[in-house]
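Note on naming: letters A, B, ... go to the chains in the order of the sequence lines (proteins, then strands), and numbering restarts at 1 for each one. Only heavy atoms go into these numbers, but all of them, side chains included; no hydrogens, no water, no symmetry mates.
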2 protein chains.
Amino acid sequence: MNRGNLKRGNRPISKSHTNHRGPTSYDVAQHAGVSQSAVSRCFRPGCSISTATRSRVLAAARELGYQPNAVASGLITRRTGLVAVLISNLTNLYYPEVLAELTTRLAARDIRVLLFTLQAESDIDATLAQVWRYRVDGAIVAARLSQVQLRDFRQKRVPVVLYNRFGEGEYVASVCCDSAAGEHILVDGLVAAGHRSFGIISGPDDSYVSAQRVTGAQRRLADHGLTSLLVSGQFDYDSGKSGLRALWARSGGKLDALICANDLMAIGAIDCARNELLLQLPEALSIVGFDGVAPAAWDSYRVTTIRQPVGRMTEAAVSMIIERIADADLPPEVRTFAGMLMSGGSARLA
Amino acid sequence: MNRGNLKRGNRPISKSHTNHRGPTSYDVAQHAGVSQSAVSRCFRPGCSISTATRSRVLAAARELGYQPNAVASGLITRRTGLVAVLISNLTNLYYPEVLAELTTRLAARDIRVLLFTLQAESDIDATLAQVWRYRVDGAIVAARLSQVQLRDFRQKRVPVVLYNRFGEGEYVASVCCDSAAGEHILVDGLVAAGHRSFGIISGPDDSYVSAQRVTGAQRRLADHGLTSLLVSGQFDYDSGKSGLRALWARSGGKLDALICANDLMAIGAIDCARNELLLQLPEALSIVGFDGVAPAAWDSYRVTTIRQPVGRMTEAAVSMIIERIADADLPPEVRTFAGMLMSGGSARLA
DNA sequence: TTGAAAGCGGTACCAA
DNA sequence: TTGGTACCGCTTTCAA
């Protein structure tokens with residue numbers, strides 16, 4: 001058979017992985033005594049190959065420790081098997097859970113995660129440049145995208161699913177927890193329980209979810225003929241403390257309900273109320289949060305909050321991106337999930 | 001000049017990005033009236049190119065929105081600009097911080113993160129198969145690797161840096177927080193303050209850091225002529241509660257110091273002690289943790305713990321992997337960092 | 001079913 | 001400095 005004469009380009013195929021990362025399909029082909037094409041087919045589902053050659057190839061592959069090179073196949077198929085995940089703030093306690101769920105579910109569908117964490121929701125452009133360079137099959141984005149940025153996705157035909165955000169001025173595939181509805185539940189419960197003097201601590205100014213939650217709460221309060229005091233925070237523990245401090249001062253100590261835009265700030269506020277203001281919770285002050293992160297359920301806090309159905313939301317995001325990778329022309333779709341009230345001990349609700 | 005005759009393979013170069021992901025270097029070349037090689041050079045640092053053509057190429061590139069294809073260049077250069085990050089349990093509260101630091105620092109050095117989260121530290125083989133397929137430049141691993149797995153890294157010449165783990169039976173580049181030294185500080189402080197009846201809650205059986213911390217504490221106690229009761233947990237909040245419950249029963253209520261293998265369990269134990277056992281902390285019982293995660297510092301817990309210097313550790317991991325990507329033959333090196341005692345209110349220390 | 005061959009989009013060597 | 005060209009390792013026609 002004179003396999004020794006087999007060539008690749010103008011080099012004998014016997015060269016190859018000695019000083020490289022690993023064996024190539026040519027090495028396997030030679031080892032199994034078949035053509036390189038045959039090796040390739042063995043690793044692609046639904047290719048016509050006889051069971052005989054298939055098993056010989058697989059044996060050779062196992063023996064050499066061959067793994068198809070995803071970079072090479074990504075180049076020719078234009079499918080990298082990569083999805084970019086953009087997350088603004090991993091220290092938020094909410095996002096680690098989301099990220100863990102996303103990677104697990106994507107891995108189960110044979111997709112890898114290219115992770116990008118953003119310092120602010122603003123420095124996205126540099127990050128997106130990298131996303132384009134890597135020819136990802138799609139992107140799941142938990143950060144604010146401008147219309148221009150969204151247009152880039154469409155123009156490059158890279159499907160994108162927004163997580164807890166909407167396209168602004170544009171209809172984009174997204175999965176959300178209904179912030180307004182969640183706040184309505186909280187406000188209604190608080191008002192029905194007799195609260196009248198409300199304070200709100202918002203998240204960062206450029207945060208989309210914060211805006212949604214705050215206006216959701218404000219509108220519902222207005223429906224009840226009530227107003228509220230507002231201070232802005234950064235979604236972190238300290239913001240909860242300083243926010244409550246500020247509101248307490250501004251209200252002259254007559255605040256009786258505090259709505260925090262996320263759990264972390266609610267936790268900070270609870271500590272401030274108990275330890276600095278020496279208030280009994282929830283008798284003297286009701287505090288509510290949003291997200292339903294694990295620490296919110298800890299005995300020392302038991303935050304009354306709205307739990308986002310993270311499992312269902314990430315599953316939705318993953319299946320939406322997969323569908324759109326398969327068919328880039330699927331119409332935009334927004335999937336909204338209701339949050340679930342977790343009645344803790346930090347607030348009196350009717 | 002008859003550029004229309006320029007060919008690529010046997011196709012006119014005018015074809016191309018209309019139905020693809022983006023323009024190629026050929027498109028830019030045509031647009032700028034130069035060869036494709038010239039375009040390529042413009043995007044590689046330290047290539048000889050005249051400022052004139054350079055600026056024309058860059059103008060054309062900008063106009064077309066050209067970004068060099070990282071997949072293609074990864075194929076030929078065998079540098080993908082990717083580092084795999086393997087993390088066992090993102091819900092640990094400690095790892096999100098590590099991950100955020102790692103991605104930020106790697107991005108600053110023009111490296112992207114391919115993220116893999118592991119369900120258990122055991123299902124690594126399937127994950128590693130993916131790592132190999134993507135020809136990553138290196139890997140940072142916060143999970144247990146067997147000798148066989150470590151050998152694969154060496155054989156494929158993919159540099160690896162272990163995070164808070166050592167190579168077992170093999171010398172591997174790694175960055176660690178000194179668990180034993182940290183536990184020594186805690187044990188010494190507790191013993192000096194008069195504690196004599198110790199309990200320990202370990203992490204999962206397959207966790208390396210847990211083993212390190214537990215044996216570190218046990219040995220130091222032995223040095224003081226003391227023993228301890230041991231129960232095993234899962235590094236989570238509930239394990240802290242159930243662990244303390246079990247130890248309290250086994251000790252007949254005469255436990256006076258509890259050493260938890262991480263902060264999360266310490267927090268659970270604190271809640272159990274206060275709310276179930278109705279103990280005054282730290283008078284009736286001292287509880288210590290390990291890690292120094294953010295919630296440990298919250299007012300309601302103020303866990304006495306050892307803070308790992310995450311910033312310095314991740315910086316070390318990143319610079320070690322970068323060095324080894326540049327030179328795969330660098331000798332293994334273990335960089336160990338001392339933890340810092342955070343005296344909270346959960347324990348009496350001398 | 002099988003193998004030969006033409007790319008995928010770059011990089012890098014080479015001669016001009 | 002520049003353009004031509006041979007690859008990187010795989011997928012995918014197309015004939016045999």
Side-chain angles (χ1 to χ4, degrees), chain A residues 1 3 6-11 13 15-17 19-30 32-54 56-57 61 66-81 132-135, chain B residues 1 3 6-11 13 15-17 19-30 32-54 56-57 61 66-81 132-135:
Chain A
M1 290 177 93
R3 295 264 160 218
L6 265 176
K7 300 245 193 173
R8 131 187 246 189
N10 53 8
R11 285 222 303 266
I13 72 169
K15 192 169 164 120
S16 66
H17 79 277
N19 44 1
H20 294 2
R21 233 46 154 186
T24 72
S25 55
Y26 282 88
D27 299 312
V28 178
Q30 189 185 37
V34 298
S35 76
Q36 181 269 339
S37 319
V39 176
S40 178
R41 282 190 208 105
C42 279
F43 290 88
R44 300 217 48 77
C47 269
S48 58
I49 222 169
S50 71
T51 35
T53 50
R54 165 181 221 94
R56 276 169 65 204
V57 168
Y66 169 75
Q67 299 275 124
N69 182 328
V71 179
S73 85
L75 179 56
I76 184 128
T77 60
R78 296 195 174 81
R79 279 283 156 82
T80 52
W132 305 142
R133 279 172 37 74
Y134 279 86
R135 302 299 194 266
Chain B
M1 288 175 97
R3 295 262 162 220
L6 262 177
K7 301 248 194 168
R8 138 188 241 191
N10 52 8
R11 286 223 302 267
I13 72 169
K15 186 164 167 129
S16 64
H17 78 278
N19 45 1
H20 295 2
R21 229 53 152 183
T24 72
S25 55
Y26 284 87
D27 299 311
V28 178
Q30 188 184 38
V34 297
S35 75
Q36 182 270 341
S37 317
V39 177
S40 178
R41 280 188 213 107
C42 279
F43 290 88
R44 301 218 46 78
C47 269
S48 56
I49 233 179
S50 72
T51 34
T53 51
R54 162 180 224 94
R56 276 171 62 206
V57 168
Y66 169 75
Q67 299 275 126
N69 182 328
V71 179
S73 86
L75 179 57
I76 183 123
T77 61
R78 297 197 173 78
R79 279 284 157 81
T80 52
W132 305 141
R133 278 173 36 74
Y134 279 86
R135 301 300 194 265

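- As judged by a 4.0 angstrom heavy-atom cut-off over every strand, A:Ser48 is placed among the base-contacting residues.
- At least one donor-acceptor pair under 3.5 Å links the side chain of B:Arg56 to the backbone N or O of B:Ala32.
- Comparing C:dT2, D:dC10, C:dG3 against the side chain of A:Thr24 picks out D:dC10 as the nearest.
- With hydrogens and angles left out, the side chain of A:Ser25 and the base of D:dG9 share no donor-acceptor pair within 3.5 Å.
- Applying the 3.5 Å distance criterion, the base of D:dG3 shares a donor-acceptor pair with the side chain of B:Arg41.
- Distances were taken from every side-chain heavy atom of B:Ile76 (C-beta onward) to each of D:dT11, D:dT2, D:dC8; the shortest belongs to D:dC8.
- Residue B:Thr53 comes nearest to B:Val34 through the heavy atom pair CG2-CG1, 4.4 Å, listed as atom of the first residue, atom of the second, then distance.
- Annotation: of the two residues near DNA chain C, A:Ser37 and B:Ser37, the 5′-most nearest-nucleotide partner is A:Ser37.
- As a whole-Å value, the separation of A:Arg56 CZ from C:dT2 C1' is 12 Å.
- Listed nucleotides: D:dG9, D:dT12, C:dG3. Nearest to the side chain of A:Ala72: D:dG9.
- With rounding to whole Å, B:Asn69 atom CG is found 18 Å from D:dC8 atom P.
- Rounded to an integer number of Å, the gap from CH2 of A:Trp132 to C1' of C:dG9 is 19 Å.
- Within the model, atoms CD of B:Gln67 and CZ of B:Phe43 stand 7.5 Å from one another, a figure rounded to the nearest 0.5 Å.
- A straight line from CD of A:Gln36 to P of C:dA4 spans 10 Å, rounded to a whole angstrom.
- The distance between atom CD of B:Gln30 and atom P of D:dG3, rounded to the nearest whole Å, is 14 Å.
- At whole-Å resolution of the value, CZ in A:Arg133 and P in C:dG9 are 15 Å apart.
- For B:Ile49 and C:dA12, the CD1 to P distance is 13 Å, given to the nearest whole Å.
- For the pair A:Thr80 (side chain) and A:Arg135 (backbone), a donor-acceptor distance under 3.5 Å is present.
- Checked against C:dT11, D:dC10, D:dG3, the side chain of A:Tyr66 finds its nearest nucleotide in D:dC10.
- If B:Leu75 and B:Arg54 are placed on DNA chain D by their nearest nucleotide, the residue sitting closer to the 5' end is B:Arg54.
- Between B:Cys42 and B:Ile49 the shortest heavy-atom distance is SG-CD1, 3.4 Å.
- In terms of phosphate contacts, A:Arg78 brings no side-chain nitrogen or oxygen within less than 4.0 Å of OP1 or OP2 of C:dC8.
- Counting non-hydrogen atoms under 4.0 angstrom, A:Ser40 reaches a base of the nucleic acid.
- Atom CZ in B:Arg79 sits about 24 Å away from atom P in C:dG9, given to the nearest Å.
- Distances were taken from every side-chain heavy atom of A:Val34 (C-beta onward) to each of D:dG3, C:dG3, C:dT1; the shortest belongs to C:dG3.
- The distance from the OG1 atom of B:Thr24 to the OH atom of B:Tyr66 is 7.0 Å, given to the nearest 0.5 Å.
- Contact check, B:Thr53 against D:dT1: no side-chain N or O comes under 4.0 Å of OP1 or OP2.
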